[in-house]
Colleague: 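Structure incoming, see below.
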Amino acid sequence: MGVRRIGWARLPDEVVRAVGERLGGVPYTAADVQHAAASGVAALLTLPSGLVFVKGQHERTPAPSPTGAAVPAGAEASPWGPDWSPVDELDLEEAVNPYVPAGAPRVLWRLHTHGWHLLAFEGLPGRDAECAPGSPDLAPVAVALTELATVRAPFGLRLPTAWDRWGYYCSSDDD
């Protein structure tokens, strides 16, 4: 899903102050995260006590076209419908978080302030996995995916299928 990303430093001062208050007024530094899918802002905050990953969206407006192209009148911008917004994805992440495996980062808090919806998780140090053939990262990625595959969706919660989430990268012949 195409979402316009800004850096942490470009957040409104009121939002940065509200995050600082939520963190208890402790000093922190913020490093923008480049590969946080569908986030209007994503940063790893370093506090004296550890790391916090914060991602967020501005306003609850319908999602743009996943490819960035103009959405024709009457067409749906999102496979979830014309009213689905990137903030709804944050809601979904928060809802499923208690059900993910124990090793997954937990939601710490949610903050709605000055038009921004922010979700904070336990922060983890790391890097992007290298998934090229022969990479030593393949085995731990496979273990993580195997563990995630055992998680059952919470009753009554509609989760996107792989096609819902990434189908716009495929042609209609690929289904």
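Here the structure is a predicted model, which means the values were calculated and not measured. Numbering of residues begins at 1 and proceeds along the displayed sequence. These numbers come from the heavy atoms of this one structure, side chains and all, not from hydrogens, waters or symmetry mates.
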Colleague: Sequence neighbours excluded, which residues qualify as ring-ring contact (aromatic ring centres under 6.0 Å, His included) partners of W116?
Modeller: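 Partners of W116 by the ring-ring contact (aromatic ring centres under 6.0 Å, His included) criterion, ordered by chain and then number, come out as H58.
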Colleague: For V141, enumerate each residue passing the side-chain contact (heavy atoms from CB on, under 4.5 Å) test, keeping only those at least two apart in sequence or located in another chain.
Modeller: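 Scan of V141 (side-chain contact (heavy atoms from CB on, under 4.5 Å), adjacent residues dropped) gives A129, L145.
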Colleague: Can you name the nearest heavy-atom pair linking A95 to L157, along with the distance?
Modeller: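 Nearest pair, atom of A95 first, then L157: CB-CD2, 3.9 Å.
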Colleague: Write down the atom of P48, the atom of P27, and the distance for their closest heavy-atom approach.
Modeller: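 Closest approach of P48 to P27: CD-O, 3.3 Å.
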Colleague: side-chain contact (heavy atoms from CB on, under 4.5 Å) with L111: which residues, sequence neighbours excluded?
Modeller: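 Result, side-chain contact (heavy atoms from CB on, under 4.5 Å) vs L111: A18, V19, W109, T113, L118.
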Colleague: Cluster question for you: counting only ILVMFWY and a side-chain heavy-atom cut-off of under 4.5 Å, with indirect links fine, are L47 and V54 together?
Modeller: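 Shared cluster, yes.
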Colleague: Please report the interatomic distance CG(L119) to CG(L108), rounded to the nearest 0.5 Å.
Modeller: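 Between L119 CG and L108 CG, I get 9.0 Å after rounding to 0.5 Å.
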Colleague: According to a 4.5 Å side-chain heavy-atom criterion applied to Ile, Leu, Val, Met, Phe, Trp and Tyr, with indirect links allowed, do V151 and V143 form part of one hydrophobic cluster?
Modeller: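 Different hydrophobic clusters.
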Colleague: Which residue pairs pass the salt bridge (charged side-chain N to carboxylate O under 4.0 Å, His left out) test with at least one member in residues 119-148, sequence neighbours excluded?
Modeller: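 Applying salt bridge (charged side-chain N to carboxylate O under 4.0 Å, His left out) to every pair that reaches into residues 119-148, excluding sequence neighbours, yields R127-D137.
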Colleague: To the nearest 0.5 Å, how far apart are CD in E89 and CD in E94?
Modeller: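 Spacing of CD (E89) from CD (E94) equals 14.0 Å.
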Colleague: What residues, two or more places apart in sequence or in another chain, satisfy side-chain contact (heavy atoms from CB on, under 4.5 Å) together with L44?
Modeller: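 With neighbours one apart ignored, the set is V33, L51, F53.
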Colleague: If you take all heavy atoms of L138 and P133, which pair is closest and at what distance?
Modeller: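 Closest approach of L138 to P133, heavy atoms only: CD1-CA, 4.3 Å.
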Colleague: Checking T146 side chain against A142 main chain: does a donor-acceptor pair fall under 3.5 Å?
Modeller: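 Confirmed, T146 side chain pairs with A142 backbone.
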Colleague: Taking all non-hydrogen atoms of both residues into account, name the closest pair between A42 and S39 and its distance.
Modeller: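 Minimum heavy-atom contact is CB-CB, 4.1 Å.
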Colleague: Side-chain contact test, heavy atoms from C-beta onward, threshold under 4.5 Å: evaluate it for V87 versus D91 and give yes or no.
Modeller: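 Yes. Closest side-chain heavy atoms under 4.5 Å.
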Colleague: Just to verify, what does N97 make a side-chain contact (heavy atoms from CB on, under 4.5 Å) with, not counting sequence neighbours?
Modeller: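 Partners of N97 by the side-chain contact (heavy atoms from CB on, under 4.5 Å) criterion, ordered by chain and then number, come out as V100, R106, V107, F121.
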Colleague: Going by the side-chain hydrogen bond (donor to acceptor under 3.5 Å, both in side chains) test, which pairs reach into residues 11-29, not counting sequence neighbours?
Modeller: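 For residues 11-29, and leaving out neighbouring residues, there are no side-chain hydrogen bond (donor to acceptor under 3.5 Å, both in side chains) pairs at all.
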Colleague: Could you check whether any side-chain N or O of Q57 sits under 3.5 Å from a backbone N or O of G40, counting only pairs where one atom can act as donor and the other as acceptor?
Modeller: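 Yes, the answer is positive, given that a donor and an acceptor are paired below the 3.5 Å cut-off.
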Colleague: If you measure from CG on L90 to NE2 on H112, what distance do you get to the nearest 0.5 Å?
Modeller: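 Rounded to the nearest 0.5 Å, the CG-NE2 separation comes out at 8.5 Å.
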Colleague: Hey, does the side chain of D32 reach the backbone of G7 with a donor-acceptor pair shorter than 3.5 angstrom?
Modeller: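 No, the answer is negative, given that no donor and acceptor are paired below the 3.5 Å cut-off.
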